[in-house]
A.B. asks: 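This structure is in structure tokens; I'll ask about it shortly.
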Amino acid sequence: MELRFDPENPRYEYIVQEDQLHTALEFLEKEKVVAVDVEATSLDPITGYLIIIQIATPHISYIFDVRKIDVSDNERFKKFLENKKIIKILHNGKFDYKYIKAKTGIELDNIFDTMLTEAVLNSGVGKAYYSLKDLVKKYTGIELKKEVRGTFERVTAKTKLDESQLKYAAVDTLIMFPVFEAQLEQLRNNGLINIGKLEFAVTRVVGNMEMAGIYINKEKWSSIIKNLGEKRDIYAKQFQEAIKPYFVASSIDLFGNHTDLINMNSQVQLMDLFNNRLKLNIPSTGDAILAGTDHPVAKILRDYRAYEKLVSAFGDSLLQKINPKTGRIHPEFNQLGTATGRFSCNNPNLQQIPRNSEEVQFRTCFNPRPGYKLVVADYSNFEMRILAEFSKDAKMISALNSGLDIHSYTASLMFGKEYTDDFKKKYPDLRQIAKPIGFGLMYGMGPVGLAGRLELETNRKFTKEEGEDYMNRYFSSYPGVRAYLDKVAKEAVRNGWSITPAGRKRWYHKPERDDPEFRRKQAQIEREAKNHPIQGTNADAIKYALVFIQERIKKDKVDGEITLTVHDEIVTEVREDQAQDWAEVQSEEMVRAAKLFIKNVQIRSDPFVGDEWEH
DNA sequence: AGAGGTGGTG
DNA sequence: CATGCACCACCTCT
């Protein structure tokens with residue numbers, strides 16, 4: 001790889017005045033591809049300060065000091081960064097996009113993201129995050145020095161930037177060209193250009209979504225947690241009381257206070273209790289095992305666990321993530337956080353907030369700001385519809401297109417009963433069996449797993465033979481499904497990858513023939529590959545939908561923003577008077593996105609307008 | 001610091 | 001022989 005600059009002595013121009021800015025733009029406007037980076041005082045664009053924006057050609061980096069020039073006021077600068085024709089190479093451009101938008105109002109456009117590209121090129125076999133350092137090493141062999149980066153944290157409005165800082169800032173942009181060129185070639189070779197474009201478009205939407213955040217009612221949340229904590233404590237006390245007989249002496253500390261006999265959160269101590277003292281011989285302390293254990297202590301532990309889980313995972317830690325400046329939660333969405341193309345979410349993970357039940361209503365604490373509404377829309381039975389489309393199974397397609405209750409219909413085929421509108425009421429037990437089978441088989445589940453799953457769902461024993469029988473009944477009902485899943489699994493094992501119609505690939509580490517775990521590893525690939533095109537297409541569709549929805553918000557001048565996405569669901573926060581009309585648009589755009597890949601099966605998305613998340 | 005167990009979501 | 005896809009948070013223990 002030949003470099004067009006000297007990493008020890010990069011060419012750069014430090015721009016601190018208006019006239020310099022125009023001269024620099026004069027040169028930059030001639031380029032088709034530039035590299036962009038920013039340096040700021042912290043990782044949080046809401047509370048941090050932007051210091052410089054670097055824009056480079058392959059030969060020279062222009063370093064705009066935004067402390068000295070007010071670029072938010074500069075039409076020409078804005079036009080350049082928002083120009084849809086000029087490609088801007090960035091590494092983790094979401095970060096730069098957010099900073100630039102927050103501090104200058106400029107919305108960076110036409111991003112090529114080297115971090116996302118690497119993730120797309122290595123999905124299934126690579127890392128969740130690639131640093132620029134990783135990529136520079138991989139594609140150029142150069143060891144990028146990152147020590148200078150930390151010095152920007154201490155920069156204020158008056159700090160004079162030194163030469164090492166300016167050189168560092170310049171290298172960070174110049175070095176992106178060779179990475180970009182190598183990656184672009186790789187994207188082409190793997191047919192991943194369109195997925196790359198999709199991810200680059202999505203990253204701006206995600207930037208907006210993270211900046212928007214979502215409001216949470218602190219007081220309500222705290223009171224739910226407090227209540228759950230009290231209930232947990234009652235079970236904790238009961239538990240310690242109930243196990244006393246199994247210990248020789250009760251524990252009393254130096255001050256005469258009773259202390260706990262065991263730590264209820266310790267798996268080791270629980271195993272000792274259950275197996276050595278209670279002689280129950282259980283293999284683990286998981287809920288499924290405890291449920292089948294006829295002992296009062298097990299029952300108390302299960303109750304304790306239910307509350308402890310909610311308090312520990314969703315308790316005060318979540319409130320500490322409220323941003324002091326906005327008063328809202330700004331979760332981080334990693335758009336390539338999974339091997340299938342789905343988003344992952346953290347800090348906090350709002351994708352795993354428990355659904356509302358009679359007892360616990362966490363999601364009701366997420367509300368719109370005054371004068372606004374939450375618009376919530378999800379795809380209904382999406383993965384089932386995707387499976388129907390891909391498998392071309394005539395019966396499954398026609399059932400979904402006729403609006404039948406799909407699990408009832410499946411049960412009617414499996415057990416030879418007539419389908420009626422009240423099937424769900426007439427044969428609840430049959431439907432209860434059909435439903436988990438549909439999901440399980442999409443994940444490559446086998447007869448034993450299926451029997452176990454049915455046991456959980458129905459509280460009665462299922463043998464391996466029954467599991468096998470049900471699988472056969474399901475596959476005979478939908479012969480196209482079996483053929484499709486088998487084909488996908490076989491192709492993945494042969495190719496070493498699987499693919500969605502949108503072109504998203506997932507790679508697999510093929511085991512060596514003489515690997516002692518060959519069979520296990522190959523079976524794993526088969527299961528993962530059966531699921532990938534389905535889950536991945538769900539992800540592809542939701543990502544197109546996010547882009548479409550963002551475009552409509554802008555085009556229709558809707559006063560609102562996207563605040564959350566949870567796999568098959570999108571939540572927006574929209575001004576009250578626009579919310580009803582907008583809800584229809586949001587669902588339409590979701591359906592339009594899904595129809596890019598689903599041609600023969602109807603797609604449904606029903607929107608809800610309200611003051612609480614979930615409906 | 002990292003692994004393993006447990007359990008919340010789609 | 002093992003036996004369901006994709007995650008993240010919290011806890012304990014080494």
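Owing to the predicted nature of the structure, the values given are computational and were not obtained by experimental measurement. Both backbone and side-chain heavy atoms feed into the values below; hydrogens, waters and symmetry mates do not.
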A.B. asks: Whether A:Arg460 engages the ring of A:Phe462 as a cation-pi pair (distance to the six-membered ring centre under 6.0 angstrom, angle to the ring normal within 45°) should be assessed.
C.D. replies: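 Yes, a cation-pi geometry.
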A.B. asks: For A:Phe247, does the six-membered ring have the charged nitrogen or CZ of A:Arg277 within the cation-pi criterion, i.e. under 6.0 angstrom from the centroid and within 45° of the normal?
C.D. replies: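 Yes, cation above the ring, under 6.0 Å and within 45°.
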A.B. asks: Students often get this wrong, so: under 4.0 angstrom with heavy atoms, is A:Arg342 touching a base, only sugar-phosphate, or nothing?
C.D. replies: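 Base, at least one base atom sits under 4.0 Å.
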A.B. asks: Round to the nearest Å and state the distance from A:Arg520 atom CZ to C:dA2 atom C1'.
C.D. replies: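 Value for this atom pair: 9 Å.
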A.B. asks: Among C:dC10, C:dG4, C:dT12, find the nucleotide with the atom closest to the side chain of A:Asn265.
C.D. replies: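 Between C:dC10, C:dG4, C:dT12, the one nearest the side chain of A:Asn265 would be C:dT12.
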A.B. asks: Do A:Lys309 and B:dG7 have a side chain to base donor-acceptor pair shorter than 3.5 Å?
C.D. replies: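 Looking at the base of B:dG7, it does pair with a donor or acceptor on the side chain of A:Lys309 (distance under 3.5 Å).
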A.B. asks: Rounding to a whole Å, what distance do you find between A:Arg506:CZ and C:dC5:P?
C.D. replies: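 Computing the A:Arg506:CZ to C:dC5:P distance gives 9 Å.
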A.B. asks: Would you classify A:Glu383 as touching base, sugar-phosphate or nothing, given that sugar-phosphate means primed atoms plus P, OP1 and OP2, and contacts are heavy atoms under 4.0 Å?
C.D. replies: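 Contact class for A:Glu383: none.
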A.B. asks: To the nearest Å, give me how far apart CZ (A:Phe343) and P (C:dA6) are.
C.D. replies: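 From A:Phe343 CZ to C:dA6 P: 18 Å.
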A.B. asks: Return whichever of A:Gly444 or A:Ala339 has its heavy-atom-nearest nucleotide of DNA chain C closer to the 5' end.
C.D. replies: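 Result of the comparison: A:Gly444.
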A.B. asks: Any idea which of C:dG4, C:dC8, B:dT6 is nearest the A:Asn349 side chain?
C.D. replies: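 Looking only at heavy atoms from C-beta outward on A:Asn349, the closest nucleotide is C:dC8.
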A.B. asks: Would you please confirm or rule out a distance under 4.0 Å between OP1 or OP2 of B:dG7 and any side-chain N or O of A:Arg305?
C.D. replies: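 Yes, because at least one side-chain N or O of A:Arg305 sits under 4.0 Å from OP1 or OP2 of B:dG7.
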A.B. asks: Rounding to a whole Å, what distance do you find between A:Asn356:CG and B:dT9:P?
C.D. replies: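 It is 10 Å, rounded to the nearest whole Å.
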A.B. asks: Touch check for A:Asn334, heavy atoms < 4.0 angstrom, all strands: base, sugar-phosphate only, or nothing?
C.D. replies: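 Counting heavy atoms under 4.0 Å across all strands, no contact is made by A:Asn334.
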A.B. asks: Once you apply a heavy-atom cut-off of 4.0 Å, does A:Gly449 come out as touching a base, just sugar-phosphate, or nothing?
C.D. replies: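 Since only primed, P, OP1 and OP2 atoms lie under 4.0 Å of A:Gly449, the category is sugar-phosphate.
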A.B. asks: Against the six-membered ring of A:Phe548, is A:Arg592 placed for a cation-pi contact (under 6.0 Å from the centre, within 45° of the normal)?
C.D. replies: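 Flagged: A:Arg592 positioned over aromatic ring of A:Phe548.
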A.B. asks: Indicate, with a heavy-atom threshold strictly under 4.0 Å, whether A:Val448 touches base, sugar-phosphate, or nothing.
C.D. replies: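 Touches a base.
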A.B. asks: Take atom P in C:dT3 and the same atom in B:dG4, then report the distance between them in whole Å.
C.D. replies: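 Pairwise P distance, C:dT3 against B:dG4, rounds to 14 Å.
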A.B. asks: Pick base, sugar-phosphate or nothing for A:Ile534, based on heavy-atom distances below 4.0 Å to the nucleic acid.
C.D. replies: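 Here A:Ile534 touches no strand at all.
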A.B. asks: Using the ring centroid of each side chain, check whether A:Phe362 and A:Phe314 are separated by less than 6.0 Å.
C.D. replies: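 Under 6.0 Å, so yes.
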A.B. asks: Whether the side chain of A:Gln352 and the base of C:dC8 hold a donor-acceptor pair under 3.5 Å is what I'd like checked.
C.D. replies: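 Answer yes: a donor N or O sits under 3.5 Å from an acceptor.
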A.B. asks: So, is A:Gln267 close to the B:dT6 phosphate, meaning a side-chain N or O under 4.0 Å from OP1 or OP2?
C.D. replies: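 Yes, because at least one side-chain N or O of A:Gln267 sits under 4.0 Å from OP1 or OP2 of B:dT6.
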A.B. asks: In whole angstroms, how far is the C1' atom of C:dC7 from the CZ atom of A:Phe333?
C.D. replies: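 So the two atoms are 13 Å apart, to the nearest Å.
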A.B. asks: Please check the phosphate of C:dC13 (OP1 and OP2 only) for any side-chain N or O of A:Gln269 closer than 4.0 Å.
C.D. replies: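 Yes, within the criterion.
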A.B. asks: Rounded to the nearest Å, what distance is computed from the CG atom of residue A:Asp540 to the P atom of nucleotide B:dG10?
C.D. replies: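 A:Asp540 atom CG is separated from B:dG10 atom P by 20 Å.
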A.B. asks: Say we look at B:dT6 and C:dC1: how far apart would their P atoms be, to the nearest angstrom?
C.D. replies: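 That atom pair is separated by 23 Å.
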A.B. asks: Please confirm whether the shortest side-chain N or O distance from A:Asn263 to OP1 or OP2 of C:dT12 is below 4.0 Å.
C.D. replies: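 Yes, A:Asn263 has a side-chain N/O under 4.0 Å of OP1/OP2 on C:dT12.
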A.B. asks: Between atom CD1 in A:Ile329 and atom C1' in C:dA9, what is the gap in whole Å?
C.D. replies: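 Between C1' of C:dA9 and CD1 of A:Ile329: 14 Å.
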A.B. asks: Taking only side-chain N and O atoms of A:Ser266, does any of them lie within less than 4.0 angstrom of OP1 or OP2 on C:dC13?
C.D. replies: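 Looking at the OP1 and OP2 atoms of C:dC13, one of them is under 4.0 Å from a side-chain N or O of A:Ser266.
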A.B. asks: Of the listed nucleotides (B:dG7, C:dA6, C:dC11), which one gets closest to any side-chain atom of A:Asp287?
C.D. replies: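 Nucleotide nearest to A:Asp287's side chain: B:dG7.
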A.B. asks: Report yes if a side-chain nitrogen or oxygen of A:Ser317 is closer than 4.0 Å to either non-bridging phosphate oxygen (OP1 or OP2) of C:dC10; otherwise report no.
C.D. replies: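 Yes, because at least one side-chain N or O of A:Ser317 sits under 4.0 Å from OP1 or OP2 of C:dC10.
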A.B. asks: Can you tell me if A:Thr338 touches the phosphate of C:dC7, counting only side-chain N or O atoms and a distance under 4.0 Å to OP1 or OP2?
C.D. replies: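 It does not, given that no N or O in the side chain of A:Thr338 lies less than 4.0 Å from OP1 or OP2 of C:dC7.
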A.B. asks: For A:Lys461, I'd like to know if atom NZ has over 12 heavy atoms of other residues, nucleotides or ligands within 6.0 Å.
C.D. replies: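 Atom NZ in A:Lys461 is not packed in, count stays at 12 or less.
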A.B. asks: Using whole Å, report how far CD of A:Glu308 lies from P of C:dC11.
C.D. replies: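 A:Glu308 atom CD is separated from C:dC11 atom P by 7 Å.
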A.B. asks: Counting side-chain heavy atoms from CB outward, which of C:dG4, B:dG10, C:dA6 is closest to A:Glu528?
C.D. replies: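 Nearest to the side-chain atoms of A:Glu528, counting from C-beta on, is C:dA6.
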A.B. asks: I'd like to know whether NZ of A:Lys146 has more than 12 heavy-atom contacts from other residues, nucleotides or ligands below 6.0 angstrom.
C.D. replies: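 For A:Lys146, atom NZ is crowded (more than 12 foreign heavy atoms under 6.0 Å).
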A.B. asks: Please measure how far the P atom in B:dG5 lies from the corresponding atom in C:dA2, and state the result in whole Å.
C.D. replies: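 Approximately 15 Å lies between the P atom of B:dG5 and that of C:dA2.
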A.B. asks: Check A:Asp303 with A:Arg305, please: is the shortest side-chain N to carboxylate O separation under 4.0 Å?
C.D. replies: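 A:Asp303 and A:Arg305: not salt-bridged.
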A.B. asks: Any idea which of B:dT6, B:dT9, C:dC11 is nearest the A:Thr285 side chain?
C.D. replies: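 Between B:dT6, B:dT9, C:dC11, the one nearest the side chain of A:Thr285 would be B:dT6.
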A.B. asks: Would you say A:Arg527 places a side-chain N or O within less than 4.0 Å of OP1 or OP2 belonging to C:dG4?
C.D. replies: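 Answer is no, no contact under 4.0 Å.
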